[in-house]
*Asks:* 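Shown below is the structure under consideration.
We name chains A, B, ... by the order of the sequence lines, and we start the count at 1 in each one. Scope of the values below: all heavy atoms of this structure, side chains included, with no hydrogens, waters or symmetry mates.
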Amino acid sequence: YNTIIDGFSKQGMLEEATSLLGNMFKRGYQPDIVTYNTIIDGFCKQGKLEEATSLLGNMSRRGVQPDIVTYTAVIDGLCKQGRMEEAMKLLEEVSIMGFCPDTVTFNTLIDECCKQGRFKEASRLVEKMYESGFRPNVVTFNAMIDGLCKARDLQKAEEMLEKMMKAGYEPNVVTYNVLMDAMLKEGRVEEAFEIYNVLASKGYAHNVYTPNILLHGLCKDGNLNAAMEFIDGMLAKGCIPD
RNA sequence: ACUGCCCU
């Protein structure tokens with residue numbers, strides 16, 4: 001059930017997900033923490049925070065206590081709606097309630113801070129993460145680098161990248177995508193391709209964002225021939241455009 | 001592929 005419910009939730013098909021939840025009860029199965037967390041996250045990703053919190057209330061009443069994953073999903077929902085203050089307040093509340101916000105929880109908030117250009121607050125959250133006994137990971141750095149790039153502070157973005165590598169973290173495909181996107185937005189097409197080549201040389205690394213970022217950038221740049229050429233190259237390699 | 005964070 002959990003796997004299928006997750007499938008529906010990730011497709012935004014929450015009616016189907018909740019109806020499966022109902023089926024579970026009918027057939028005498030007890031939904032567990034994962035079942036509830038999956039649906040709550042689905043609601044949050046749809047921006048339906050009322051539904052999410054109401055299910056959160058139901059699960060407690062049915063004897064399944066929410067955990068930090070539950071609350072992180074809700075915090076992310078608030079963040080994605082730009083409701084930072086409420087998200088921060090919820091962070092405080094769950095800490096007081098005895099839950100232990102972890103790297104993912106902090107990353108959620110850090111990402112939204114960076115998207116809003118609130119880099120001071122982001123750094124404060126990193127501090128707080130350390131104080132709580134957790135360390136940043138590549139996602140933390142990617143969120144910061146992306147925020148700095150989008151704020152067009154490439155200087156600081158580079159510094160953050162160096163800091164990340166000096167600290168022993170390997171850039172991943174998202175790091176490269178972020179940097180490629182930044183280069184393209186600056187019109188630095190050559191450098192974008194250099195990054196792409198590094199990525200391609202790692203063989204496995206591409207994700208769906210990678211070619212799309214390049215194509216967007218090339219088209220925005222008016223470089224339609226290069227875009228067409230790139231698509232042809234993809235097709236020749238057997239990549240299917242989405 | 002049992003649930004939460006970063007990139008078009």
*Asks:* Quick one: is A:Lys80 getting a side-chain N or O under 4.0 Å of the B:G4 phosphate, OP1 or OP2?
*Replies:*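 For A:Lys80, the contact criterion (side-chain N or O under 4.0 Å from OP1 or OP2 of B:G4) is not met.
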
*Asks:* Return the value, rounded to whole Å, for the distance between atom CG of A:Asn107 and atom P of B:G4.
*Replies:* 14 Å

*Asks:* Mark yes when over 12 heavy atoms from residues, nucleotides or ligands other than A:Gln65 sit less than 6.0 Å from its CD; otherwise mark no.
*Replies:* yes

*Asks:* Do the ring centers of A:Phe134 and A:Phe106 come within less than 6.0 Å of each other?
*Replies:* no

*Asks:* Regarding A:Asp102, tell me which of base, sugar-phosphate or nothing describes its non-hydrogen contacts under 4.0 Å with the strands shown.
*Replies:*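 Since a base atom lies under 4.0 Å of A:Asp102, the category is base.
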
*Asks:* Would you indicate, yes or no, if B:C6 has its OP1 or OP2 atom less than 4.0 angstrom from a side-chain nitrogen or oxygen of A:Lys150?
*Replies:*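 So the side-chain polar atoms of A:Lys150 never come under 4.0 Å of the phosphate oxygens OP1 or OP2 of B:C6.
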
*Asks:* What integer distance in Å separates A:Ile68:CD1 from B:C5:P?
*Replies:*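 Atom CD1 in A:Ile68 sits about 13 Å away from atom P in B:C5.
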
*Asks:* Contact class for A:Thr105 vs. all strands (heavy atom < 4.0 Å): base, sugar-phosphate, or nothing?
*Replies:*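 It contacts base atoms.
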
*Asks:* Is A:Lys45 touching bases, backbone alone, or none of the nucleic acid, heavy atoms closer than 4.0 Å?
*Replies:*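 Sugar-phosphate: the residue A:Lys45, judged by heavy atoms under 4.0 Å, touches backbone atoms but no base.
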
*Asks:* Rounded to the Å, how far apart are A:Ile5 CD1 and B:G4 P?
*Replies:*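 Going from A:Ile5 (CD1) to B:G4 (P), I get 14 Å.
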
*Asks:* Do the charged groups of A:Glu112 and A:Arg118 touch, with an N to O distance under 4.0 Å?
*Replies:*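 Salt bridge flag = no for A:Arg118 with A:Glu112.
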
*Asks:* Evaluate the criterion side chain to side chain donor-acceptor pair (under 3.5 Å) for residue pair A:Asn207 and A:Thr210; output intermediate values, then yes/no.
*Replies:* CA-CA 6 Å; A:Asn207 67 14; A:Thr210 311; 3.2 Å; yes

*Asks:* The side chain of A:Asn2 is closest to which nucleotide in this list: B:C7, B:C2, B:U8?
*Replies:* B:C2

*Asks:* Closest approach to the side chain of A:Asn37, judged atom by atom: which nucleotide of B:U3, B:C7, B:G4 is it?
*Replies:* B:U3

*Asks:* So A:Lys10, base contact, sugar-phosphate only, or nothing? Heavy-atom distance under 4.0 Å.
*Replies:*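 Counting heavy atoms under 4.0 Å across all strands, the contact made by A:Lys10 is with sugar-phosphate only.
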
*Asks:* Would you kindly give the CG-to-C1' distance between A:Leu91 and B:C5, to the nearest whole Å?
*Replies:*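 My rounded result for the distance is 13 Å.
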
*Asks:* Between the base of B:C7 and the side chain of A:Asn207, is there a donor-acceptor distance below 3.5 Å?
*Replies:*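 Indeed, a donor on one side and an acceptor on the other fall under 3.5 Å apart.
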
*Asks:* Mind checking whether A:Val208 and A:Leu199 sit in one hydrophobic cluster, side chains of I, L, V, M, F, W, Y counted as touching below 4.5 Å?
*Replies:* yes

*Asks:* Looking at the side chain of A:Val34, which of B:U3, B:G4, B:C6 is the nearest nucleotide?
*Replies:* B:U3

*Asks:* In whole angstrom, what separates A:Phe141's CZ from B:C6's P?
*Replies:* 17 Å

*Asks:* Take atom CD of A:Gln46 and atom P of B:G4, then tell me their distance rounded to the nearest Å.
*Replies:*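 Computing the A:Gln46:CD to B:G4:P distance gives 15 Å.
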
*Asks:* Any base atoms under 4.0 Å from A:Thr72, or only sugar-phosphate, or nothing? Heavy atoms, all strands.
*Replies:* base

*Asks:* Assign A:Asp6 to base, sugar-phosphate, or nothing according to its heavy-atom contacts below 4.0 angstrom with the strands shown.
*Replies:* base

*Asks:* Quickly work out the A:Met144 CE to B:C6 C1' distance and round it to whole Å.
*Replies:*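 Computing the A:Met144:CE to B:C6:C1' distance gives 12 Å.
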
*Asks:* What is the separation between atom CG on A:Leu109 and atom P on B:C5, rounded to the nearest whole Å?
*Replies:*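 Those two atoms, CG and P, are 13 Å apart.
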
